[in-house]
Amino acid sequence: MSHAARPGAPAQLSAPHLLLALAVVFVWGTNFVVIKLALAHLPPLLLATLRFALAALPLVFVLPRPRASWANLALYGMAIGVGQFGLMFFAMTRHISPGLASLVAQAQVFFTIGLAMLATGERVRPYQLAATLIAAAGIGIIAARADGHTTALGVLLVLGSALFWALGNTASRAAGRVNVLAYVAWSSLFAVLPLLALSLALEGWPRIAAGLREAGALTWAAVLWQSIGNTIFGYGAWAWMLARYPAATVSPFSLLVPVFGMAAAALALGEPMPGWKLTAAALVLGGLALNVLWPRWRKRLEQTLADRHRPR
């Protein structure tokens, strides 16, 4: 969804809104641990089905359909529901750890840029190329150090998930200025039936029934966290801030998602943090930071140089 801050919007977040931004990225980062808890009983495609069913209902009966075409809603719902989360949940069953999943998923930033360039014909800028290569080096380390917790297949599945996330970003931008909660709710409808069909075909009714029987209060709390915490609160609050502040003020906070994700995985699940994993994280986060922050840094540098050479 295209969100532009109103003219004259403040450049810095107020203290309450700073806490709100931190709350959103905390929810998004720790959500990878919550996913792992839900997958202990529910098969991945069933979990994705429940997530998007609860994201759609009952909001579609409360919120009017957003001013986006049915094709756009379907594309976003399929890309995010079936592509992004279908692949992500499957990868996290046994192919990648939650902390590394939260890190590799940030490749969506570079895929989003690439898709935008394909659509507009814009050429990649030097800092974007440098940022991509730095982050790719970090992901390469993760793939090369495959072990019992993370496999090369898991890295590829999460990269595929990130690509679908980028496709969803492209669809949401094409939708223009719409109510973000209504957009997420109505587009989620298009994810439910394909995910349910895939779950029945690939996971089978016996496994689905067993998962539903074994699911306890913690599992259902994790499912609700996916829909209410991650989607309704996270997306809603993020869009609300983007409508009130410049994107350059809000977007850098997303760099904290893998930080919270890896910290939560280490604390809650005992995920090990050896040196190679920290090095990979530093490279990926460094590439993301360069891509997000370089335009601002360059502007400040140019302003500083201009002030120094200004006649006194």
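Excluded from the calculations below are hydrogen atoms, water molecules and symmetry mates; all remaining heavy atoms, backbone and side chain alike, are included. One is the number of the first residue; the rest follow in order along the sequence.
- Applying the side-chain contact (heavy atoms from CB on, under 4.5 Å) test to P274 and every residue at least two apart in sequence or in another chain returns P272, W276, K277.
- With values rounded to the nearest 0.5 angstrom, S227 atom OG is found 7.0 Å from I232 atom CD1.
- Linking Ile, Leu, Val, Met, Phe, Trp and Tyr residues whenever their side-chain heavy atoms come within less than 4.5 Å leaves L256 and L267 in two separate clusters.
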I'd like a table of donor-acceptor pairs (distance under 3.5 Å, sequence neighbours excluded) in which one partner is a side-chain atom from residues 152-159, with atom names and distances.
none

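- Once rounded to the nearest 0.5 Å, the distance linking CG of L195 with CZ of F89 reads 9.0 Å.
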Quiz: residues 127-134 side-chain donor-acceptor pairs under 3.5 angstrom, not counting sequence neighbours:
{"from": "Q128", "atom 1": "OE1", "to": "R125", "atom 2": "N", "distance (Å)": "3.0"}
{"from": "T132", "atom 1": "OG1", "to": "Q128", "atom 2": "O", "distance (Å)": "2.8"}

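- Not counting sequence neighbours, the partners of H95 by the ring pair (Phe, Tyr, Trp, His ring centres under 6.0 Å) test are F90.
- By the 4.5 Å heavy-atom criterion applied to side chains, L19 and P16 are not counted as neighbours.
- With sequence neighbours left out, W186 forms a ring pair (Phe, Tyr, Trp, His ring centres under 6.0 Å) with no residue at all.
- The heavy-atom pair separating V178 from P66 by the smallest distance is CB-CB, 4.1 Å.
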List the atom pairs, with distances to 0.1 Å, where a side-chain N or O of residues 101-119 and a protein N or O form a donor-acceptor pair under 3.5 Å, not counting sequence neighbours.
{"from": "S102", "atom 1": "OG", "to": "G99", "atom 2": "O", "distance (Å)": "2.6"}
{"from": "Q106", "atom 1": "NE2", "to": "S102", "atom 2": "O", "distance (Å)": "3.1"}
{"from": "Q108", "atom 1": "OE1", "to": "T112", "atom 2": "OG1", "distance (Å)": "3.4"}
{"from": "Q108", "atom 1": "OE1", "to": "N169", "atom 2": "ND2", "distance (Å)": "3.0"}
{"from": "T112", "atom 1": "OG1", "to": "Q108", "atom 2": "O", "distance (Å)": "2.7"}
{"from": "T112", "atom 1": "OG1", "to": "N169", "atom 2": "ND2", "distance (Å)": "3.1"}

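- Both M273 and V284 sit in one connected hydrophobic cluster of ILVMFWY residues. Membership requires side-chain heavy atoms under 4.5 Å apart, directly or through other members.
- Rounded to the nearest 0.5 Å, atoms CG (L196) and CG (L50) are 9.0 Å apart.
- The nearest pair of heavy atoms linking T30 to A264 is CG2-CB, 3.8 Å.
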Audit row: W225, V27, side chain to side chain contact (heavy atoms under 4.5 Å, CB included) steps and yes/no
CA-CA 9 Å; W225 186 259; V27 167; 3.8 Å; yes
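- Residues forming a ring pair (Phe, Tyr, Trp, His ring centres under 6.0 Å) with F32 (at least two apart in sequence, or on another chain): none.
- Contact annotation: the side chain of L285 approaches that of P258 to within less than 4.5 Å [non-hydrogen atoms, C-beta and beyond].
- Looking at every heavy atom in both residues, A68 comes nearest to Y183 through CB-CE1, 3.9 Å.
- Judged by distance alone, with hydrogens and angles left aside, the side-chain atoms of S161 form a donor-acceptor pair with the main-chain N or O of Q84 at under 3.5 Å.
- Contacts of L224 classified as side-chain contact (heavy atoms from CB on, under 4.5 Å), with partners at least two apart in sequence or in another chain: L54, I228.
- Scored by the ring pair (Phe, Tyr, Trp, His ring centres under 6.0 Å) test, F260 finds F26 as partners (sequence neighbours excluded).
- Looking at every heavy atom in both residues, P64 comes nearest to A182 through O-CB, 3.6 Å.
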Going through the distances and angles, do L75 and F190 end up as a side chain to side chain contact (heavy atoms under 4.5 Å, CB included)?
CA-CA 8 Å; L75 175 59; F190 291 93; over 6 Å; no
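- Under the 4.5 Å side-chain heavy-atom criterion for ILVMFWY residues, no single connected hydrophobic cluster contains both L167 and L73.
- Taking the salt bridge (charged side-chain N to carboxylate O under 4.0 Å, His left out) definition, one finds that R65 meets it with nothing, sequence neighbours left out.
- In this structure, L18 and F253 have side chains that are in contact, with non-hydrogen atoms separated by less than 4.5 Å.
- With a 4.5 Å cut-off on side-chain heavy atoms, I96 and T151 do not count as touching.
- Considering OG1 of T170 and OH of Y76, their distance stands at 11.0 Å, rounded to 0.5 Å.
- Minimum heavy-atom separation, L189 to A56: CD2-CB, 3.7 Å.
- What you find for L87 and G160 is that their closest heavy atoms are CD1-C, 3.7 Å.
- Each salt bridge (charged side-chain N to carboxylate O under 4.0 Å, His left out) pair with one or both residues in residues 202-212, not counting sequence neighbours, would appear here, but there are none.
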Could you go through residues 33-47 and list every donor-acceptor pair under 3.5 Å that involves a side-chain atom there, pairing it with any protein atom two or more places apart or in another chain?
{"from": "K36", "atom 1": "NZ", "to": "M92", "atom 2": "O", "distance (Å)": "2.7"}
{"from": "K36", "atom 1": "NZ", "to": "T93", "atom 2": "O", "distance (Å)": "3.2"}

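- Under the 4.5 Å side-chain heavy-atom criterion for grouping Ile, Leu, Val, Met, Phe, Trp and Tyr, F85 is connected to L198 within one hydrophobic cluster.
- Hydrophobic clustering (side-chain heavy atoms under 4.5 Å, transitive across Ile, Leu, Val, Met, Phe, Trp, Tyr) keeps L218 apart from W220.
- More than 12 non-hydrogen atoms from other residues, nucleotides or ligands lie less than 6.0 angstrom from CH2 of W238.
- Side-chain atoms of S188 never come within 3.5 Å of backbone atoms of A53 as a donor-acceptor pair (strictly under, hydrogens ignored).
- The line from CD1 of I141 to CG of L100 is 11.5 Å long, rounded to the nearest 0.5 Å.
- For the 3.5 Å distance criterion, the side chains of E271 and S97 qualify, holding a donor opposite an acceptor.
- You'll find the side chain of I80 reaches within 4.5 Å of the side chain of F52, heavy atoms only.
- Atom CG of residue N230 and atom CG of residue N31 lie 4.0 Å apart, to the nearest 0.5 angstrom.
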